[in-house]
Amino acid sequence: MVVEANELQTKLEEKGELMAAVSEFDEPLEMHLHDTVIDDGTVHIDLTDGMLTFDADEVVAVWHHTHSLADFGLED
């Protein structure tokens with residue numbers, strides 16, 4: 001399953017952040033609305049130490065990234 005650039009942009013705008021599996025990377029990438037730009041089929045993620053750029057058609061899956069109280073050891 002390849003995710004189209006416009007679909008990726010729409011999902012990112014709806015959720016504010018996404019996780020993405022990209023075929024050229026072993027680990028999923030975290031994308032946030034404030035640090036990710038998608039233009040002309042290219043994804044640009046502004047990281048603390050540089051810009052990560054890849055083709056949107058390399059994205060093979062996306063999902064909404066969430067955290068729970070348990071993630072932070074705060075569950076009842």
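The figures here come from the full heavy-atom set of this structure, side chains too, leaving out hydrogens, waters and symmetry mates.
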All side-chain hydrogen bond (donor to acceptor under 3.5 Å, both in side chains) counterparts of Thr42, not counting sequence neighbours: none
Least distance between heavy atoms, Ala5 atom then Ala56 atom: CB-CB, 3.8 Å
Val22: which of Leu29, Asp55, Val60 passes side-chain contact (heavy atoms from CB on, under 4.5 Å): Leu29
Residue pairs passing the side-chain hydrogen bond (donor to acceptor under 3.5 Å, both in side chains) test with at least one member in residues 16-27, sequence neighbours excluded, are Ser23-Glu58
How long is the gap from NE2 on His32 to CG on Asp46, to the nearest 0.5 Å? 12.5 Å
Output for pair (His44 NE2, Thr36 OG1), nearest 0.5 Å, gives 10.5 Å
Are Leu33 and Met19 co-members of a hydrophobic cluster defined by side-chain heavy atoms under 4.5 Å apart? no
Verify the cluster assignment for Leu47 and Phe25: are they in a single hydrophobic cluster under the rule of side-chain heavy atoms below 4.5 Å apart? yes
Atom of Val62, atom of Ala20 and distance for their closest heavy-atom approach: CG1-CB, 4.1 Å
Decide if atom CG of Asp39 counts as having more than 12 heavy atoms of other residues, nucleotides or ligands within a radius under 6.0 Å. yes
Side-chain hydrophobic cluster, 4.5 Å single linkage: members besides Val37: none
Is the closest side-chain heavy-atom distance between Leu8 and Met31 below 4.5 Å? yes
Nearest-0.5 Å distance, CD1 of residue Ile38 to CD of residue Gln9: 4.5 Å
Within the supplied structure, the quantity of interest is the number of heavy atoms (other residues, nucleotides, ligands) at a distance under 6.0 Å from Glu4 CD; does it exceed 12? no
Spatial distance of atom NE2 (His64) from atom CG (Leu12) [nearest 0.5 Å]: 10.0 Å
